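Here is the naming used below: chain letters follow the sequence lines, and residue numbers restart at 1 for every chain. Small disclaimer: the values here were computed from a predicted structure and weren't measured.
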There are 2 protein chains.
Amino acid sequence: MHDTQQDFRVAAEDLGRFMREALTAAGADQASAVAVIRALITASRMGTDSHGLRLLPHYLKALEGGRIKGAPQMVFHRRLAATGFLDADGGLGHLAGYTAMEHATTMAEEIGLGAVAVGNSSHFGAAGCYALAAAERGYIGMAFCNSDPFVLLHQGATPFHGTNPIAFAAPVTDGSPYLLDMATSSIPWNRVQQFGAIGRELPDQVAADAAGRVTRTPAEVAALLPLGGSDFGFKGAGLGGMVEILSSTLSGMRHGFRLLPMGGPDMSTPRGVGHFFLAMKPDAFVEEGTFARCLADYLADLRARPATANARVLAPGDREWRCQARRDVEGIPLDSANQSAYDELARHYGVARLSPLA
Amino acid sequence: MHDTQQDFRVAAEDLGRFMREALTAAGADQASAVAVIRALITASRMGTDSHGLRLLPHYLKALEGGRIKGAPQMVFHRRLAATGFLDADGGLGHLAGYTAMEHATTMAEEIGLGAVAVGNSSHFGAAGCYALAAAERGYIGMAFCNSDPFVLLHQGATPFHGTNPIAFAAPVTDGSPYLLDMATSSIPWNRVQQFGAIGRELPDQVAADAAGRVTRTPAEVAALLPLGGSDFGFKGAGLGGMVEILSSTLSGMRHGFRLLPMGGPDMSTPRGVGHFFLAMKPDAFVEEGTFARCLADYLADLRARPATANARVLAPGDREWRCQARRDVEGIPLDSANQSAYDELARHYGVARLSPLA
């Protein structure tokens with residue numbers, strides 16, 4: 001969320017140029033590259049740095065290793081009027097996500113709701129991108145995805161669920177969407193690594209050691225706790241399970257515990273990730289315009305609530321839209337690790353390096 | 001969840017008889033009484049004591065005060081093929097909930113999905129009852145409801161959202177459904193009262209005083225924290241907001257912050273509670289039978305995971321189905337407060353008292 005001290009910032013356009021050239025060199029077709037760039041730059045502009053430009057080297061490695069197909073033949077099967085299945089053919093999850101949500105919104109326009117289960121897919125970046133894509137077209141969107149095991153069950157000793165995210169977005173007339181995008185663990189895995197790198201203790205109740213005991217020492221961490229910690233982790237674990245059921249059982253994929261690890265070492269075998277997307281037409285229940293008016297009233301009341309000292313009350317997405325406005329002016333920052341990684345990609349693929357704005 | 005020491009237990013049938021007579025005396029028509037009884041006894045059998053038989057006196061008071069209509073004319077408007085609005089006409093939320101979910105599953109059977117927004121309703125008990133009703137018919141069910149303010153926003157100083165529950169149920173072949181039913185706060189309000197009554201400190205990060213500062217002293221509590229506490233409460237608050245948007249903006253109702261308090265003192269003005277129900281046909285995405293097989297595999301892997309010392313790993317619902325099996329044999333316990341309340345109802349309505357099983 002916080003911009004780094006290193007003053008290396010790039011324009012979204014230059015970042016997109018770099019990504020397009022590298023993805024193309026690694027075998028991605030145009031549709032796939034466009035989808036990856038859209039998702040990663042959306043996340044980077046919003047400040048969701050864990051799911052932004054940082055992930056490009058990973059996708060390139062998976063394309064080069066053969067785990068992910070750069071030119072997939074994705075096929076959509078509409079099964080009933082409100083439901084369909086997208087076979088992602090082992091391609092990039094971003095293309096699968098945007099394609100599936102587009103089908104879901106098309107169905108929602110016709111009949112009020114649409115849901116698409118996606119199978120044979122891969123990591124799709126930030127779930128919020130696809131919920132947002134629905135909201136940008138005027139629909140309520142929800143997106144879910146399973147992932148390989150990092151998170152304990154409630155009272156579990158070893159990881160079972162992935163960080164299984166829930167994303168929910170709603171369109172706001174004359175404003176930026178309501179956007180919730182959350183892992184069902186408390187913190188993401190890379191936050192643990194960040195705390196370790198700077199020698200800081202973790203917050204309580206977010207991570208556990210190899211025996212499933214809560215620890216605040218980053219070096220001891222073997223698993224994340226579900227949202228809610230030791231006492232209320234049955235809620236986070238239950239939500240993680242809901243995400244798993246929507247993502248993998250509806251699409252007939254392996255559930256997260258049986259997925260190959262995202263990080264490898266095997267970068268040649270397709271993982272068979274599952275996603276689930278739901279779109280709803282906001283005016284499909286009562287009189288047209290009611291939803292927009294009620295949502296505006298709700299958000300006005302929410303943003304007017306008093307905050308605790310030195311804090312302010314925000315709607316989900318507010319922080320992200322502010323970051324986006326700032327980064328659209330000042331550029332998207334790359335920390336030193338990403339600067340090195342992008343330099344290495346420039347050499348490897350023979351593409352021009354990023355031009356720092358400052 | 002835990003059965004009380006007082007050995008006063010009743011059979012579900014006797015409890016149903018008592019509820020039917022009292023509800024009828026207070027003006028509920030047969031359909032309304034059947035729905036209330038179904039919901040309260042479902043919750044009491046499962047051990048969800050906060051939302052079981054304890055609530056009967058509240059509903060009777062609301063019927064007598066005129067806040068809730070005992071003989072509503074609920075009207076369902078199917079708006080698009082997958083969506084509809086149920087005008088609950090100020091009746092009991094339980095009848096609205098079961099009716100709306102039945103319409104949602106009918107649509108899901110036809111076209112894969114169905115969603116019903118409910119307006120002009122009232123407290124519906126446990127959200128899980130309606131998700132469960134869908135699962136019992138073979139559908140994935142989700143239920144949401146707003147409520148009056150008890151829960152802080154993230155970094156908020158005063159309550160804004162209700163405990164806004166999320167319920168999700170999925171049918172399991174030859175087994176009890178997967179059933180998640182959770183408030184988007186960490187603990188329910190009545191748990192704070194229970195801790196206060198026995199002079200116990202609250203867990204950390206679940207409640208706040210009148211200034212929005214976290215407190216562990218029950219007597220100081222003025223609000224609940226969203227799930228995730230001080231550090232990660234933006235997740236619980238965001239989920240609470242999602243529930244609010246689904247429940248009140250789609251149905252055109254007042255959002256929770258503007259609802260009259262459930263507890264009164266005004267028991268004559270309808271509150272205009274909103275609900276939202278979604279049903280999905282599990283086999284509407286890939287080949288028939290795939291969902292059942294994948295869900296069984298997932299649950300088998302989940303239940304086989306190692307637990308921490310002196311604990312065991314459970315799927316959402318497992319604890320509830322065990323409690324239900326026990327209570328179906330041993331009876332449903334009434335603590336001393338409920339015994340007194342039911343004695344008082346017996347006198348007030350001239351109905352025969354509950355017969356203790358032991």
Side-chain angles (χ1 to χ4, degrees), chain A residues 79-83 85 111-113 115 117 119 153 155-158 160 168 170 178 180 182 186 203 212-213 227-228 231-232 234-235 238-239 241-242 244-245 248-252 255 257 280-282 284-287 290-291 294-295 297-298 301-302 305-308 311-313 315-316, chain B residues 79-83 85 111-113 115 117 119 153 155-158 160 168 170 178 180 182 186 203 212-213 227-228 231-232 234-235 238-239 241-242 244-245 248-252 255 257 280-282 284-287 290-291 294-295 297-298 301-302 305-308 311-313 315-316:
Chain A
R79 295 292 306 272
L80 290 170
T83 59
F85 174 68
I111 57 172
L113 301 182
L153 291 164
Q155 304 189 326
T158 58
F160 182 69
F168 173 89
Y178 181 101
L180 174 69
M182 55 171 269
S186 288
R213 286 178 303 243
L227 179 65
D231 286 332
F232 304 101
F234 59 92
K235 299 195 180 197
L239 290 171
M242 176 183 84
E244 185 64 58
I245 291 171
S248 65
T249 69
L250 291 175
S251 58
H255 61 83
F257 181 63
M280 292 189 250
K281 188 175 183 172
F285 299 91
V286 294
E287 296 72 29
T290 302
F291 169 80
C294 288
L295 183 56
D297 290 349
Y298 164 70
D301 276 351
L302 186 158
R305 300 306 299 154
T308 50
R312 61 187 302 179
V313 155
Chain B
R79 295 291 307 271
L80 290 171
T83 59
F85 174 69
I111 56 171
L113 301 181
L153 290 165
Q155 303 189 323
T158 58
F160 183 69
F168 173 90
Y178 181 100
L180 173 69
M182 55 170 269
S186 288
R213 287 179 301 244
L227 179 64
D231 286 331
F232 304 101
F234 59 93
K235 300 195 180 198
L239 290 171
M242 176 184 84
E244 185 63 59
I245 290 171
S248 65
T249 71
L250 291 175
S251 59
H255 61 83
F257 181 64
M280 291 188 251
K281 188 175 183 173
F285 299 91
V286 294
E287 297 72 30
T290 302
F291 169 79
C294 287
L295 183 56
D297 289 349
Y298 165 70
D301 276 350
L302 187 159
R305 298 307 300 153
T308 50
R312 62 187 302 179
V313 155

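Chain B forms more heavy-atom pairs under 4.5 Å with one residue of A/Phe232, A/Phe285, A/Phe85, A/Phe291 than with any other, namely A/Phe285. Most heavy-atom pairs under 4.5 Å with chain B, from the set A/Gly241, A/Gly212, A/Gly228: that is A/Gly241. Ranked by heavy-atom pairs under 4.5 Å with chain A, the list B/Ala170, B/Ala315, B/Ala284 is led by B/Ala284. Looking only at heavy-atom pairs under 4.5 Å with chain B, the residue among A/Leu239, A/Leu250, A/Val313 that has the most is A/Leu250. When the candidates B/Leu80, B/Ile111, B/Thr290 are compared by the number of heavy-atom contacts under 4.5 Å with chain A, B/Ile111 comes out ahead. Contact tally against chain B (heavy-atom pairs below 4.5 Å) for A/Ala311, A/Gly112, A/Ala307, A/Pro282: the top residue is A/Ala307. When B/Asp231, B/Leu295, B/Ile245 are compared by the number of non-hydrogen pairs under 4.5 Å with chain A, B/Ile245 comes out ahead.
Two residues are said to be in side-chain contact when any heavy atoms from C-beta on lie closer than 4.5 Å; B/Asp301 and A/His255 meet this criterion. Looking at A/Leu227 and A/Met182, their side chains come closer than 4.5 Å, going by heavy atoms from C-beta outward.
For B/Tyr298, the parts lying under 4.5 angstrom from a heavy atom of chain A are both the backbone and the side chain. Contact of A/Glu287 with chain B is made through the backbone alone, with heavy-atom distances under 4.5 Å. If you measure heavy-atom distances from A/Phe168 to chain B, the contacts under 4.5 Å come from the side chain alone. Only the side chain of A/Leu153 comes within less than 4.5 Å of a heavy atom in chain B; its backbone stays farther off. For a residue to count as touching a neighbouring chain, one of its non-hydrogen atoms must lie under 4.5 Å from one of that chain's; by this rule A/Ser186 touches chain B with backbone and side chain alike. When heavy atoms are compared at a cutoff of 4.5 Å, A/Leu180 approaches chain B solely by way of its side chain, counted from C-beta outward.
Note: B/Lys281 NZ to A/Arg79 CZ = 9.5 Å, rounded to the nearest 0.5 Å. One finds the OH atom of A/Tyr178 at 10.5 Å from the OG1 atom of B/Thr249 (value rounded to the nearest 0.5 Å).
Between A/Gly252 and B/Cys294, the closest heavy-atom pair is CA-SG, 3.7 Å. Annotation for B/Pro316 and A/Gly238: closest pair CG-CA, 3.8 Å, computed over non-hydrogen atoms.
In the model, A/Arg305 has a side-chain atom that pairs as donor or acceptor with a side-chain atom of B/Thr158 under 3.5 Å.
Scanning for side-chain hydrogen bond (donor to acceptor under 3.5 Å, both in side chains) contacts around A/Arg312 gives an empty result, with sequence neighbours left out.
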